[in-house]
Asks: 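Provided herewith is a single structure, encoded as structure tokens, for subsequent inquiry.
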Amino acid sequence: MSELTSIISRFAIEGDVKSVEPLGSGLINDTFKVVTEGSAPDYVLQRINNAIFKDVSMLQHNIEAVTGHIRAKLEASGESDIDRKVLRFIKVKDSEDSWLEEDGKFWRISVFIPDAFTYETVNPEYSYCAGKAFGNFEAMLADIPDTLGETIPDFHNMELRLSQLIEAVENDAVGRIDGSEDGVEVNMDDPDHGEEVMDMLEDIDNYGIEMCKAEQLYRDGLLPKRVCHCDTKVNNMLFDKDGNILCVIDLDTVMPSYVFSDFGDFLRTAANTAPEDEPDTSKISFNMEIFKAFARGYIESAGCFLTDVEKENLPYAACMFPFMQAVRFLADYINGDTYYKTKYIDHNFVRARAQMALFHSALDHVDEMREFIAGL
Ligand code: GN1
Ligand code: MG
């Protein structure tokens, strides 16, 4: 029996396994589709990256609390087809847990939702629906009785992300800043981006204080933390064949955060006219049609609980997220690619450069964003 089939056999799934194949494009966990024989459902098997999510028990507790709360709300409102609208996790045999540790690796299984689609890009119509869905997701979780833990502490804390970047620069662990580092062999295949990195660091430094506004507002008691999704990349949403939103997936980062997280991270991916790792920065810009559609949908469903401070700062969120992602990708590049999966040697550098280009394009649209939101 292969490792994967042996893991699967420990969970209380229905049916016999026919095949196991890789699924999706996430940068953190390993994901597989488990196809079963006959009429039993198919499943999604995930290896949870516990180098990043250090407390898997807390993480699964969060996810069970969130999916349980949403499921109860959907049932109470008489929704049909609930198993397509919220994820369902499978328990380990003879256990109350929905996660398994085996040889230091952590696993979980959820039911695969058939005839559902994910997209890497969206049109304004889908963007509007996504706005409604993420606003709705936050609204449904506003009264969750459980206290959720921070699965990655200070995940979207911009001050912390900047200090991690500074630390990376100081350590220069693999010589990507000054081209050589004591004791570390310089890899001749690794293109030298030293000078561009220095320019990027200066650019980041120019906006650092402004981009940490959320932390300041929080300290001043002007900005609440709410249960947010915190990874609202466009591809973390399932659509049916007619373009209706089924549900939000990838729930590892559901935790208390600022609403800026969900608003900003969706636009970072959806309003970018190019992929997040586009090497040609001339192709990258911030698409205002996607912004407007998403903002309209989001405020329709989240407007009932958003404060004025939250609403007024949504344009800031749209800028802050590409900025934060640039900082994270750049820090990982300098650290020698220890966090994100990469496909080529300077992939994290290319990603950081692309995110900075998107950040600047978003900045150019701030006034227009403000006006639009004020007029809603
Ligand atoms: C990661 O797991 P995935 O690929 O959906 C990351 C996000 C980043 C994103 C960048 C736990 O998301 O925060 O925005 O990559 N998740 C974690 O593409 O760090
Ligand atoms: Mg994902």
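Just so you know, ligand 1 is whichever comes first in the structure, and atom 1 is the first atom listed for that ligand.
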Asks: Under 4.0 Å from any heavy atom of E276, which atoms of ligand 1 are there?
Replies: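 Checking each atom against E276, I get 10 (C), 18 (O).
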
Asks: Against heavy atoms of R268, which atoms of ligand 1 measure under 4.0 Å?
Replies: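 Those qualifying, in numeric order: 10 (C), 14 (O), 18 (O).
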
Asks: Going by the ring pair (Phe, Tyr, Trp, His ring centres under 6.0 Å) test, name the single residue among F294, Y128, F137 that passes it with F266.
Replies: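 Option passing the ring pair (Phe, Tyr, Trp, His ring centres under 6.0 Å) with F266: F294.
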
Asks: Does ligand 1 come near enough to D250 that some N or O of the ligand is less than 3.5 Å from an N or O of the residue?
Replies: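 D250 vs ligand 1: N/O contact under 3.5 Å present.
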
Asks: Please compare F329, F321, Y339, Y340 and report which has the shortest non-hydrogen distance to atom 17 (C) of ligand 1.
Replies: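 The option holding the nearest heavy atom is Y339.
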
Asks: Any side-chain donor paired with an acceptor under 3.5 Å for S282 and D280?
Replies: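 Yes, side-chain donor-acceptor contact under 3.5 Å.
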
Asks: Before accepting this row, confirm whether a basic side-chain N of the pair K33/E21 lies closer than 4.0 Å to the acidic partner's carboxylate O.
Replies: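 So K33 does not pair with E21 through a salt bridge.
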
Asks: N/O of R328 under 3.5 Å from N/O of ligand 1, yes or no?
Replies: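 Such a contact does occur with ligand 1.
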
Asks: Flag D231 as yes when one of its N or O atoms lies below 3.5 Å from any N or O atom of ligand 1, and as no otherwise.
Replies: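 Min N/O separation from ligand 1 is below 3.5 Å for D231.
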
Asks: For F349 and Y333, take the angle between the two ring planes, folded into 0 to 90°, and tell me which bin it lands in: parallel under 30, tilted 30 to 60, perpendicular over 60.
Replies: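 F349 and Y333: tilted rings.
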
Asks: F286 vs H365 aromatic rings, parallel, tilted or perpendicular, using cut-offs 30° and 60°?
Replies: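 Plane angle between 30° and 60°, so tilted.
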
Asks: Regarding R226 and E310, does a basic nitrogen lie under 4.0 Å from an acidic carboxylate oxygen?
Replies: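 Counted as a salt bridge, because a side-chain N and a carboxylate O are separated by less than 4.0 Å.
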
Asks: Just which atoms of ligand 1 are under 4.0 Å from any heavy atom in I152?
Replies: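 Matching atoms, with element in brackets: 11 (C).
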
Asks: With heavy atoms of G26 as the reference, note each atom of ligand 1 found under 4.0 Å away.
Replies: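 In order of number, 4 (O).
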
Asks: Only pairs at least two apart or in different chains count here, so list each salt bridge (charged side-chain N to carboxylate O under 4.0 Å, His left out) that has a residue in residues 350-365.
Replies: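 Found E196-R353.
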
Asks: For atom 9 (C) of ligand 1, which of the options M324, K233, Q355 provides the nearest non-hydrogen atom?
Replies: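 Residue with the shortest heavy-atom distance to the ligand atom: K233.
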
Asks: Judging by distance only, is a nitrogen or oxygen of L27 under 3.5 angstrom from one on ligand 1?
Replies: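 Yes: some nitrogen or oxygen of L27 is under 3.5 Å from one in ligand 1.
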
Asks: Give the atoms of ligand 1, by number and element, whose distance to some non-hydrogen atom of F53 is under 4.0 Å.
Replies: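 Numbered from 1, ligand 1 contributes 11 (C).
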
Asks: So if I count the atoms of ligand 1 from 1 in the order they appear, which ones are less than 4.0 Å from some heavy atom of N236?
Replies: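 Those of ligand 1 that fall under 4.0 Å from N236 are 5 (O).
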
Asks: Only counting residues at least two apart or in another chain, list the ones meeting salt bridge (Lys or Arg N to Asp or Glu O under 4.0 Å) with R328.
Replies: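 R328: no salt bridge (Lys or Arg N to Asp or Glu O under 4.0 Å) contacts found.
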
